[in-house]
Amino acid sequence: MSTRRAILDALASGPVSGPELAERLGVSRAAIWKQVEALRETGFEIESEEAGYRVGSIPEFCGPAVEFGLEAPYEIEYHDALPSTNARARELAKAGAESVVVLADEQTAGRGRLDRGWSAPSGGIYLSFVLKPAIAPMEAPLLTLAAAVATTRTLRETGVEAGIKWPNDLLLEATNEKLVGILTEMEGEADRVSWVVCGIGVNANVDSGKLPAGATSIREQVGDIDRRVFVQRVLERFDGLRKDPETILDGWREHAITLGQRVRVDTAQGEIVGKAVDIESPGQLVIETEGGEVRVHAGDCEHLRPTH
Ligand code: BT5
């Protein structure tokens, strides 16, 4: 853990003096003072009282603000703007980083699946996890499901009635407009991944006029949210699901829009039409077709209207 993160953790649980912090973290008092000054420069109001340093106010949206009070073991690398948080996360992963979350207010070249684009105007939430899980590449889709469950629960907490469309879209239940997209990328050998980057794009405090047709935003549905808190809850839920992977599928089923629907899935092997009946680990959709049950690992899914 970085000294900055350790100081933020200590400050989050109440006033603490410089000497006490120095002793706890095993660094000099000067080093603590420097970090506290750096936090002040990012917008934290930190008062020096008799009992020690006390946080008065927190800046709205930046790395240290998200780390302050965060109960999940991620360091945040924040940028006002980036071409793509997934691209930056891949760079970090290749350089050996892990348990880092790249976060941006805006992306200038956001990416979707299959080389599609992702509109990412300022005011949204664009984040990418850099992970080094001890899993095989075929298990990685479970992380996408975990990201979907964590983000859906957080959206629902803000009052937005979102649900999950297989495999990676979060939609407004009432209209099927898209609120969130998830893009997981990885590198590895047959039996072991080297790294996984899991990127989440949330249409948060943005006007839907800046988004493509068929998209909506949290602003449009319930008004602006505190992105700092939203990101913290997503990170904490994602971490909780990773620690308890057998709860991921049930969480997904609980919020799935796709299950029970007639669907058409475009896969590399062709088109599959039928009723989506279940999800199985690590993320395949079970479809009841005229020719029997089919399991689909990847593809673009369209919800069809009932035929009768
Ligand atoms: C996705 O792809 O939905 C995955 C999007 C992942 C974005 C995040 S943001 C953080 C991280 N860094 C990145 O560069 N990417 C990730 P897909 O299922 O292929 O959907 C892409 C399609 O959604 C586009 O072709 C548009 O039709 C539509 N779209 C683009 N921007 C959108 C937006 N902001 N909201 C809703 N729909 C959008």
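One-based numbering, in listed order, for ligands and for the atoms of each.
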The test is side chain to side chain contact (heavy atoms under 4.5 Å, CB included); show your working for Leu249 and Ser281 and say whether it passes.
CA-CA 7 Å; Leu249 285 187; Ser281 187; 3.9 Å; yes
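- Residues meeting the ring pair (Phe, Tyr, Trp, His ring centres under 6.0 Å) test with Phe230, sequence neighbours left out: none.
- Seen from the ring of Phe61, Arg227 counts as a face-on cation partner, given the 6.0 Å and 45° thresholds.
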Note down each nitrogen or oxygen pair, ligand 1 side and protein side, whose separation is under 3.5 Å; give only atom names and the distance to 0.1 Å.
residue: ligand 1; atom: 2 (O); partner: Arg113; partner atom: N; Å: 3.1
residue: ligand 1; atom: 3 (O); partner: Lys178; partner atom: NZ; Å: 2.8
residue: ligand 1; atom: 12 (N); partner: Thr85; partner atom: OG1; Å: 3.1
residue: ligand 1; atom: 12 (N); partner: Asn86; partner atom: N; Å: 3.3
residue: ligand 1; atom: 12 (N); partner: Gln107; partner atom: OE1; Å: 2.9
residue: ligand 1; atom: 14 (O); partner: Ser84; partner atom: OG; Å: 2.7
residue: ligand 1; atom: 14 (O); partner: Arg111; partner atom: N; Å: 2.8
residue: ligand 1; atom: 15 (N); partner: Arg111; partner atom: O; Å: 2.8
residue: ligand 1; atom: 18 (O); partner: Arg113; partner atom: NE; Å: 3.2
residue: ligand 1; atom: 18 (O); partner: Arg113; partner atom: NH2; Å: 3.4
residue: ligand 1; atom: 18 (O); partner: Lys178; partner atom: NZ; Å: 3.4
residue: ligand 1; atom: 19 (O); partner: Arg113; partner atom: N; Å: 2.9
residue: ligand 1; atom: 19 (O); partner: Arg116; partner atom: NE; Å: 2.7
residue: ligand 1; atom: 19 (O); partner: Arg116; partner atom: NH2; Å: 2.9
residue: ligand 1; atom: 20 (O); partner: Lys178; partner atom: NZ; Å: 3.1
residue: ligand 1; atom: 31 (N); partner: Ser119; partner atom: N; Å: 2.9
residue: ligand 1; atom: 34 (N); partner: Ser119; partner atom: O; Å: 2.9
residue: ligand 1; atom: 34 (N); partner: Asn203; partner atom: OD1; Å: 3.0
residue: ligand 1; atom: 35 (N); partner: Asn203; partner atom: ND2; Å: 2.9

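- Cluster membership check: Phe238 shares its hydrophobic cluster with Val180, using side-chain heavy-atom separations under 4.5 Å among Ile, Leu, Val, Met, Phe, Trp and Tyr.
- A donor atom on one side chain and an acceptor atom on the other are not found under 3.5 Å apart for Asn168 and Thr144.
- Classification of Glu189 and Arg192 as a salt-bridged pair fails, no side-chain N sitting under 4.0 Å from a carboxylate O.
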